[in-house]
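Report on the following structure.
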6 protein chains.
Amino acid sequence: MLLQVINPNSTAAMTDAIAATARGVAAVGTSVSAVTNTGAPASLQSHTDEALAVPGMLAAVAAGERAGVDGHVIACFGDPGLDAAREVARGPVVGIAEAAMHLATMLGRGFSVVTTLGRTRARAQELAVRYGMAEACRAVRACEVPVLELDGPGSAAEQRVLAECRAALAEDDADVIVLGCAGMADLTVRLGQRLGVPVVDGVTAATVLAQSLVTLGLATSTRQELAPLPADTLAALDRAPGTGAPDPRRATVPR
Amino acid sequence: MLLQVINPNSTAAMTDAIAATARGVAAVGTSVSAVTNTGAPASLQSHTDEALAVPGMLAAVAAGERAGVDGHVIACFGDPGLDAAREVARGPVVGIAEAAMHLATMLGRGFSVVTTLGRTRARAQELAVRYGMAEACRAVRACEVPVLELDGPGSAAEQRVLAECRAALAEDDADVIVLGCAGMADLTVRLGQRLGVPVVDGVTAATVLAQSLVTLGLATSTRQELAPLPADTLAALDRAPGTGAPDPRRATVPR
Amino acid sequence: MLLQVINPNSTAAMTDAIAATARGVAAVGTSVSAVTNTGAPASLQSHTDEALAVPGMLAAVAAGERAGVDGHVIACFGDPGLDAAREVARGPVVGIAEAAMHLATMLGRGFSVVTTLGRTRARAQELAVRYGMAEACRAVRACEVPVLELDGPGSAAEQRVLAECRAALAEDDADVIVLGCAGMADLTVRLGQRLGVPVVDGVTAATVLAQSLVTLGLATSTRQELAPLPADTLAALDRAPGTGAPDPRRATVPR
Amino acid sequence: MLLQVINPNSTAAMTDAIAATARGVAAVGTSVSAVTNTGAPASLQSHTDEALAVPGMLAAVAAGERAGVDGHVIACFGDPGLDAAREVARGPVVGIAEAAMHLATMLGRGFSVVTTLGRTRARAQELAVRYGMAEACRAVRACEVPVLELDGPGSAAEQRVLAECRAALAEDDADVIVLGCAGMADLTVRLGQRLGVPVVDGVTAATVLAQSLVTLGLATSTRQELAPLPADTLAALDRAPGTGAPDPRRATVPR
Amino acid sequence: MLLQVINPNSTAAMTDAIAATARGVAAVGTSVSAVTNTGAPASLQSHTDEALAVPGMLAAVAAGERAGVDGHVIACFGDPGLDAAREVARGPVVGIAEAAMHLATMLGRGFSVVTTLGRTRARAQELAVRYGMAEACRAVRACEVPVLELDGPGSAAEQRVLAECRAALAEDDADVIVLGCAGMADLTVRLGQRLGVPVVDGVTAATVLAQSLVTLGLATSTRQELAPLPADTLAALDRAPGTGAPDPRRATVPR
Amino acid sequence: MLLQVINPNSTAAMTDAIAATARGVAAVGTSVSAVTNTGAPASLQSHTDEALAVPGMLAAVAAGERAGVDGHVIACFGDPGLDAAREVARGPVVGIAEAAMHLATMLGRGFSVVTTLGRTRARAQELAVRYGMAEACRAVRACEVPVLELDGPGSAAEQRVLAECRAALAEDDADVIVLGCAGMADLTVRLGQRLGVPVVDGVTAATVLAQSLVTLGLATSTRQELAPLPADTLAALDRAPGTGAPDPRRATVPR
């Protein structure tokens, strides 16, 4: 199968990192293409950033559909445009916040989210309510490291994320940590080892969930709010600013 | 004071009707300017429609701010882009679903929303939860009349709206009716007379609420998620497709 | 229009302050009469105080109706007798806790209430749940200043209220402050300036909301629990201890 | 021990029936005195009725305290003045709605309330939420028989109650029936036999619960909202209209 | 009437203490038999412990039914097997967590549970949600004393329980303390005296509630999930490991 | 990796069907062993059935751990013993109700569960609340076909399941169907084709989710309630009635 991972922001280096992370957990027979939302802000750290990014991201979903993609991952922890993407795609669409939160509930009674900037906390809390996690999500914590300053293992950023995770375990009645940004994916394993609790990253979580849904032959319902879009809406999407078809160089060959 | 009512879709006739409705309830000393989101779909009847409309709507908010607007109304029942608009504006921003639902709770224990197409029902239900109305909102009902086919008093559309309102009163344990589309505003009084219960329209509700907030000197908090946007985000808004400054011809003079 | 603001307690000086506050935000064309519930306790600081105050307050509502009042404000943060008042009045009735909480949700994601005595906290929390604010109301805090010891700007009481507001902002994840007593209204502007966040006072909030409802032609539903009262119940109200018709000297002339 | 059962309305015949019902389930060694709230409406069928009844009912609680009562039952399904009564009494106070709903949850997953007039439904639903029964209380149904027209076994009123109970079992996913009026107590056993499900009456439920709390040496907490009332509030109660000390003729001798 | 109190664990000394506690609050005419679940773990401190204990406990319920028991108490704060026990018994079955939480709500707005080991906290929280106590249950606190190390008045264990209760009152907004283990019953009175708030023990609470239900002629509904079990299931229960009929020596004679 | 699918009942034919279903969706490199809980009831259709089945099921988990299983699936829609199984296993454990409900939320706003007997409905509803699906789970419907009478495609049982699914779509505001019994797995594809909506079966859902968790290196947290069990508890498990090590013949070789 072919999964498309969409980086809703315009930072190509982040797309590369996300793609590598996703491919690292894909099953034999699953290819992962990755696409950058080139017309979007460099990172999505406000409601306005998200609003500006969504039209291009939806265009990427539509382009992916035309290219034969079987399932989509939206790789930003605000799950921007998730409902709209489900209208556009025939195959399943999974957001990384959604994926991480759902898997976290199977690993312990409560989890805390550790995210980047404080101003994104409320969005994560709103998603937790939307996904039925009002009780399971014990807290959303910010380490106040901007998305684009997240660095890999060994960095000062990692130290701040680690410190916030430790605070979560000490204070929040949490059994599990959910990382609240696609840019934290490469810290997952090290954080898990240091903390001694499950640490769930959304990019990997959404990749295996999208793959799971495609494997089961499941796609978004087309009833009610998710009924197919009229042709003029789809046409409008093509005129939206942002990306075109997924970059073919990014598509992996089946392993 | 100067209020700006934004029609998030691109149908100018609808803007005119909304403007007239809003002006009809504004206090002496309150001017209402109205603006059409010219780059948006003709009506917003899906999540994708909303996503495509929001960047232009936010640009209208920003343009209104530059023109000295004191408060904003978002005149679409999905309250699209409300959180983002609050980041952009200094003054208060009120959505019409929000306004209608809040006022409805002061008139009875429960209300039902009567809206246009069934595919928009879930968005209204999601907003009800967001606004704390999970218990008060007894049902969201669709009369399956598209937004642009809503006609004024005496039309077949009015009959279908009326029938759905009657069904709500008979079956939903509702004390109050909330009209779920800006395009239904001109039916409000007649429906109220026929039904014998309070009928709340969002455009008028949001206008008086925005006016109320400005009167009290209240504006959106700037803490946490609603902190002022960085300059580059505001600059990106200016490049968004859609409207410019509010059309000066639309501004009423103080009565 | 004519609004009647009812002070449910028997302290006339507080009625005067409340009346002045309400008139300060009323629109041109809106008159505000104010009435003291002369048979009630001097302040309402327990469930028993509220119970003793309600019959007289309802008599004031009934007297106001006979005097042609268009809408009523119940100016005590416990919103005592609100449901009953809605049975008695033809026009809308708005409680100050209700009004402040609803407006607060339009200014930020969460608010904290700062009230007088700790023993009134649970009532405010119960109202928050009733109004759908279980999630939005982050905390109810008491500054342990009795109602009748609240003093104006510059007093020690103001310092304690200010300190509790600051604690709310530091600890409660609140974006907005709601003042939990009608007697705090004159502190609102100064607190807002010092705190740098929206501070919502219930008296002004309820006044503009009652005015808004009357402007929209909206009044309490008469369905189900709010059906008109039988004549003997209304007659019993006339025999209730407390106030008579609103004091005509208190009615302002239209500005 | 001595329990006082307060009939919050002024219909003495109803007091007699309630007293007999309560005594029928009291343990050996428990005396039950019953008191009529003589200044109250003949039946409590609106919010206003309740408001008018509560001061006298609280005076009865205070008088009972002076007479050495160990625990109180408020025998009206709206549980009027329950929080205030807990401020006034040293011993425990139990409302009949509260008692019936709590016991019902130990007999099945869900219950429906069958009450008198439709206008009281919302109060019962509000109490269900207050008591944590939002999920367990499947519906509140009215048989539209006024309180004072409820008659004993064999009456037309019984037929209407029975019919509504049957509808509840057929439609509400209910395992248990809760009778929503003190005046239905004498129907309990017959309804249970006919329906084949547990039927819980509040008067008996509250009597055994109040007795249980006294037996365990438990009384209302005096922390926070339930702290002892100041002397002037207690003095004001004595001046409230309504009943005096419990009628000594009503007190049973220990069996 | 004859009540059976089942100690779901295999520690006979604990059964004796529980039996004495239950008999101390039973009414004249109520006999209490007590039974040890001999095949179960010595104490139930994990989900696995509970799972291993339940079959034997259900066999004890079945044996009690054959011996003419009128009502059952499950004397472990996890309320293990409560739903299943209600399928097995004709008479009412009450769990001690259930009983204590319900009674606590009649004594104050909020309660905290003080239990033994931290690993049992989540089970108590889950029960609080199940019983509608999500709002009333302010916290579940562990004093980290294992069940079998709980000692009577004057012990170090009592000091730790007392300290945790004090922390609850200082930090949790609680009006009432609920003791979270059957083994704490003999501390109840002393803790209440020292803390000055109601302290509710589940064993006594469940005993008086089971007695109350039997007095009212109420038993578990037999509708839907609680319909009588087929014969083969009942036969399987007889083969379950654990206890047989209640030890006749344990039955008290009516007082 | 090696997954163990546990059939909590003792019907070996059902184990075979479940194993085939699970293997049909496992990835290349994933082996699936299946085990029958030989000491359990033939099907689990009551709380008592579940209670009797859990000890043996936990013994199977423990045996699987000793045999090197990487993750476990509990293949009964009541998710019996799930918390306990997570104490016993090092690797992840997924229940089929849990899995199906979580995946269903990614395919539409609301789902209905169609299960076997009405007496199991309440358990499914309780699980929905536990998993945060109170809003998403629109209804749990029973087709009143016992587990062991479920037959494959073309049977009368299939017709009844299909009819109940159709009723769910017509009446429940559901976008997705969740099949509420492991025995319905072979109907999934046909039902999906006939209904035109996503139909989620728990066995396949739990298999891909357990596989996903193992792929991500995630296992149950060992904090708090899920801390490792003491040795004597594990020893007690070995003495529990039921199954031994997974039958080696059932393990598939990697594909």
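Order of the sequence lines sets the chain letters (A, B, ...), proteins ahead of strands, with each chain counted from 1.
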Non-hydrogen atoms of chain E under 4.5 Å away: do they reach the side chain of D/A174, the backbone, both or neither?
backbone

Checking heavy atoms, do the side chain of D/V189, its backbone, both or neither come under 4.5 Å from chain E?
neither

Residues 215-222 of chain D, side-chain donor-acceptor partners within the protein, below 3.5 Å, at least two apart:
from, atom 1, to, atom 2, distance (Å)
D/T215, OG1, D/Q211, O, 2.8
D/S221, OG, D/R223, N, 3.3
D/S221, OG, E/D175, O, 2.7

Working to the nearest 0.5 angstrom, can you tell me the gap between E/I6 CD1 and E/I96 CD1?
12.0 Å

Closest heavy-atom pair and its distance - [X], [Y]:
X	Y	result
D/V178	D/A104	CG2-CB, 3.6 Å
E/A34	E/T15	CB-CG2, 3.9 Å
D/M184	D/L179	O-CD1, 3.7 Å

Under a 4.5 Å heavy-atom cut-off, does chain D meet the side chain of E/M106, its backbone, both or neither?
both

Steps toward side chain to side chain contact (heavy atoms under 4.5 Å, CB included) verdict (E/L3, E/S33):
CA-CA 6 Å; E/L3 300 182; E/S33 68; over 6 Å; no

Could you tell me which of D/D201, D/T105, D/L169 has the largest number of non-hydrogen atom pairs under 4.5 Å with chain E?
D/L169

If you count heavy-atom pairs under 4.5 Å with chain E, which of D/V200, D/V94, D/T188, D/T204 comes out on top?
D/T204

Using a cut-off of under 4.5 Å for heavy-atom pairs, which of E/V176, E/V93, E/L103 has the most such pairs with chain D?
E/L103

Any residue meeting side chain to side chain donor-acceptor pair (under 3.5 Å) with D/R109, in chain and number order, not counting sequence neighbours
E/E225, F/E126

Got a sec, which pairs hit salt bridge (charged side-chain N to carboxylate O under 4.0 Å, His left out) with one end in residues 164-173 of chain E, sequence neighbours left out?
C/R121-E/D173, E/R138-E/D173, E/R141-E/E164, E/R141-E/E171, E/R141-E/D172

Do any of residues 74-85 of chain E have a heavy atom less than 4.5 Å from a heavy atom of chain D, and if so, which, in residue order?
E/D83

Name the orientation class of the two ring planes belonging to E/H102 and E/Y131 (parallel below 30°, tilted from 30 to 60°, perpendicular beyond 60°).
tilted

